[in-house]
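Here is the structure we will look at.
These numbers come from a predicted model, not from an experiment.
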Amino acid sequence: LEFPPRAAAAALPHQAQPEIAHTFRAPERRPMAFLSLAYAAATAAPWAILLLGIPLVGLDVQVPAAFPFAMVFLASLAGIFLLYGWFFLAINMFQTLAYLGGLGLVAVVAGNRALRARAEQRLA
């Protein structure tokens with residue numbers, strides 16, 4: 001076997017290479033601050049209407065027997081949503097699944113107990 005002779009530049013592969021000049025793409029235009037605030041206000045308006053309208057309508061608040069279980073259920077749902085945010089920011093999928101298994105079990109048991117207590121209260 002005979003190979004063709006190498007060029008002088010190829011003989012020294014670890015030579016300094018020419019600098020690569022890169023230009024970044026121009027950033028996309030952002031909407032005006034007023035427009036962004038208007039959409040944020042439109043998004044928050046239903047919540048404001050709800051919170052301001054509850055006292056006007058008159059809310060009959062009774063503490064049912066299922067209240068402790070319902071609060072645990074709602075807290076576990078909030079924990080699941082916070083876990084999703086934590087997954088997005090910091091942890092990996094396998095850690096998320098481990099935590100979700102525990103929170104999901106608590107949500108299922110507490111939700112079942114809350115619905116059972118509510119059904120018993122309704123039938124009584």
Is there side-chain contact between [X] and [Y], with heavy atoms separated by less than 4.5 Å?
| X | Y | value |
| --- | --- | --- |
| Y99 | F87 | no |
| V72 | V109 | no |
| I80 | Y84 | yes |

Kindly give the heavy-atom pair with the smallest separation between [X] and [Y], and that separation in Å.
| X | Y | answer |
| --- | --- | --- |
| L35 | P31 | CD2-CB, 4.2 Å |
| T96 | L83 | O-CD2, 3.7 Å |
| F73 | A110 | N-CB, 3.7 Å |
| L103 | S76 | O-CB, 4.1 Å |

Let me check something: do [X] and [Y] share a hydrophobic cluster, defined by ILVMFWY side-chain heavy atoms less than 4.5 Å apart, either directly or through other members?
| X | Y | result |
| --- | --- | --- |
| F81 | W86 | yes |
| I91 | M93 | yes |
| W47 | I54 | yes |

From [atom1] ([X]) to [atom2] ([Y]), nearest 0.5 Å:
| X | Y | atom1 | atom2 | result |
| --- | --- | --- | --- | --- |
| L100 | L105 | CG | CG | 11.0 Å |
| L115 | E120 | CG | CD | 11.5 Å |
| L37 | M32 | CG | CE | 11.0 Å |

